[in-house]
Amino acid sequence: MSFPLLTATAVLPAVGAIATAAVPAARRTAAKWLALLVSLATLALAITVLVRFDPDGARYQLTESHAWIADFGVRYELGVDGIGVALLALTALLIPFIILAGWHDADPLETGSRRWRPTQGFFALILAVEAMVIISFEATDVFLFYIFFEAMLIPMYFLIGGFGDRAHAGSDENAAAQRSYAAVKFLLYNLVGGLIMLAAVIGLYVVAGNFSLQEIAEARANGTLDMATNTERWLFLGFFFAFAVKAPLWPLHTWLPNAMGEATAPVAVLITAVVDKVGTFAMLRFCLQLFPEASEWATPAILVLALISIVYGALLAVGQRDIKRLVAYASISHFGFIIMGIFAMTSQGQSGATLYMVNHGISTAALMLVAGFLISRRGSRLIADYGGVQKVAPVLAGTFLIGGLATLSLPGLAPFVSEFLVLVGTFARYPVIGIIATFGIVLAALYTLVLYQRTMTGPVKPEVSAMPDLRPRELVVVAPLVVLLIFLGVYPKPVTDIVNPAVKSTMSDVHKKDPKPEVEAAK
């Protein structure tokens, strides 16, 4: 029996979470180092998965399958395609940076405070989320996926509600109330989506007789499983609703600005760069593969919702006064591009959407983590409280600028390639949608450059005059992300080579081919 590599990538951070939580209270530093080492070991396993994955091989590789709940047809089945491998690698890559960036975020509060922040719990919860996200990218049993899709809400709830941002205007009681509201809103929205999905999962079992993604998809393809049209559409809507909440897609997005605003910057990155990717990934893996006809039926409505997300999120980002909420609304706009690329039903759109998931994770991590470093120095999230930072902290300002330029998809930085592919793929089949979506690029340039101008340029405000530049630990966090943004912006081929065969298989699932370009006949 071969080594269960996929299981190991999920079990290692899960065991690490338990071990980190068990570290004695007085050994906070030891708990931090343990969590960091576990995340680095998980990254090493993810790199091994990436190296062993053959893009030209079988669709699902490194597969594992074991009986679990035999009476109900539930199996422990894992396997990764090119899309899953790319997102698994992204998750494993970002967690060490998240841990390093939040090194002091859960330290005890100042003497005299009535609240104690359990450092060990903070890092244990991060590792727990990593384990659940990774197995979500690997699961090929629908019920197994559902369990971890829902289970990750619990550690995220405690990370948002129990370890909120210290840079909060008002009293400790007001800050705690805002954190509690954000955490409960996050949990309720996602639980409602999960409950609707559970009904669809049960319905799928009634129709198909098992939960195996591969078996159901093969039965759909060869005609041995024929779903009634209305049944397929209702099941599709049950799955899609849960994924749209997680993504988040307008109008199910309202939990995200609260959650990102009240969470610490590293936890905000965990939400939007890691956890939310499960929603868009699942649209590709489950919605399109299990319900191809229903996916095509719903495409026009989904494209309209994605377009609204793009423009609406960008417009609200322009008007934000809070740095973290601005990044949150920008992410809603970016997720609109990702979903638009998925449902454009073209190879360019879906390749661009998958690449966008990776690039958005890196660019949002870079921007939000630098913003977190900035906020921790000044103690305020309000844009108006800054000015002239580039004169006193030029490295911080420079990395903030690169993160911002990546957010607006500047050519030469990673998100540009993915956004370009999404727009090209959408325009090929839905030109009006593609044209309107480009307006989001203009708005992105507006909110990003205005944010930089108001915080980093102009006269130096007295409150930031003594602001220190990035420290060595912070540079270790930011520098690799900047390098990746530049590298993938110039040379995205390593990622596209991995995801393109999986995208080709997905296009086959929905019986779609790229539209042929219309060329005027030569006279």
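Positions are given from 1 along the sequence.
- Aromatic pair Phe240/Phe343: ring centres closer than 6.0 Å.
- The OG1 atom of Thr354 lies 11.5 Å from the CD1 atom of Ile498; values are rounded to the nearest 0.5 Å.
- In this structure the side chain of Met152 never reaches within 4.5 angstrom of the side chain of Val274, judged on heavy atoms.
- Residue Pro266 is tested with Ile271, Leu100, Ile99, Ile98 for a side chain to side chain contact (heavy atoms under 4.5 Å, CB included); the sole match is Ile98.
- Taking CG from Leu481 and CD1 from Ile402, the interatomic distance works out to 11.0 Å, rounded to the nearest 0.5 Å.
- Under a 3.5 Å cut-off, the side chain of Arg59 and the backbone N or O of Asp81 do not form any donor-acceptor pair.
- Residues Pro248 and Asp276 share a closest heavy-atom pair of CD-OD2, 3.9 Å.
- At least one side-chain heavy atom of Pro155 sits less than 4.5 Å from a side-chain heavy atom of Met132.
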Validation: residues 309-318 side-chain donor-acceptor distances under 3.5 Å, sequence neighbours left out:
unit_1 : atom_1 : unit_2 : atom_2 : d
Ser309 : OG     : Trp250 : N      : 2.9
Ser309 : OG     : Leu305 : O      : 3.2

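- For the pair Phe335/Thr272, a side-chain contact is recorded, criterion being any heavy-atom separation below 4.5 Å from C-beta on.
- One N or O on the side chain of Thr119 and one on the backbone of Ala106 form a donor-acceptor pair closer than 3.5 Å.
- A 4.5 Å side-chain heavy-atom check between Phe241 and Leu252 finds at least one atom pair inside the cut-off.
- Of the possible polar contacts, none joining the Thr91 side chain to the Ile134 backbone as a donor-acceptor pair under 3.5 Å is found.
- Side-chain atoms of Ser351 do not come within 3.5 Å of backbone N or O of Gln348 as any donor-acceptor pair.
- Using a 4.5 Å heavy-atom threshold, the side chains of Val267 and Phe122 count as touching.
- When Phe145, Tyr60, Phe281 are each tested for a ring pair (Phe, Tyr, Trp, His ring centres under 6.0 Å) with Phe137, only one passes: Phe281.
- Residues Val15 and Val38 are not in side-chain contact: their nearest non-hydrogen atoms beyond the backbone lie 4.5 Å or more apart.
- For Tyr356 and Thr280, the side-chain atoms include no donor-acceptor pair closer than 3.5 Å.
- Across all non-hydrogen atoms, the minimal contact from Glu150 to Gly194 is OE2-CA, 3.3 Å.
- Interatomic distance, CG of Leu36 versus CD1 of Ile95, reported as 11.5 Å (0.5 Å rounding).
- For Glu262 and Lys185, the salt-bridge test fails: no basic side-chain N is under 4.0 Å from an acidic carboxylate O.
- A donor-acceptor contact closer than 3.5 angstrom links the side chains of Thr9 and Glu138.
- A distance of 4.5 Å separates CG of Leu249 from CD1 of Ile339, quoted to the nearest 0.5 Å.
- A donor-acceptor distance shorter than 3.5 angstrom exists from the side chain of Thr399 to the backbone of Leu396, with no hydrogens or angles considered.
- Listed for the Arg325 side chain is no donor-acceptor partner under 3.5 Å among the backbone atoms of Gln320.
- For the residue pair Gln350/Thr506, the side-chain donor-acceptor check at 3.5 Å is not satisfied.
- Nearest approach of Asn359 to Ala414, heavy atoms of both residues: ND2-O, 2.9 Å.
- Taking the ring centroids of Tyr157 and Phe186, they lie at or beyond the 6.0 Å cut-off.
- In this structure, Ser363 contributes its side chain and His360 its backbone to a donor-acceptor pair below 3.5 Å.
- Defined by atom type and a distance below 3.5 Å, a donor-acceptor pair is missing between the side-chain atoms of Thr407 and Tyr447.
- The line from CD1 of Ile383 to OG1 of Thr455 is 7.5 Å long, rounded to the nearest 0.5 Å.
- How far CE of Met156 is from CG of Leu125: 9.5 Å, rounded to the nearest 0.5 Å.
- Ring pair Phe400/Phe373: centre-to-centre distance not below 6.0 Å.
- Between the side chain of Lys246 and the backbone N or O of Lys277, no donor-acceptor pair lies under 3.5 Å.
- Counting heavy atoms from C-beta on, the side chains of Phe337 and Leu423 come closer than 4.5 Å.
- Residues Val417 and Leu488 fail the side-chain proximity criterion, which asks for heavy atoms closer than 4.5 Å.
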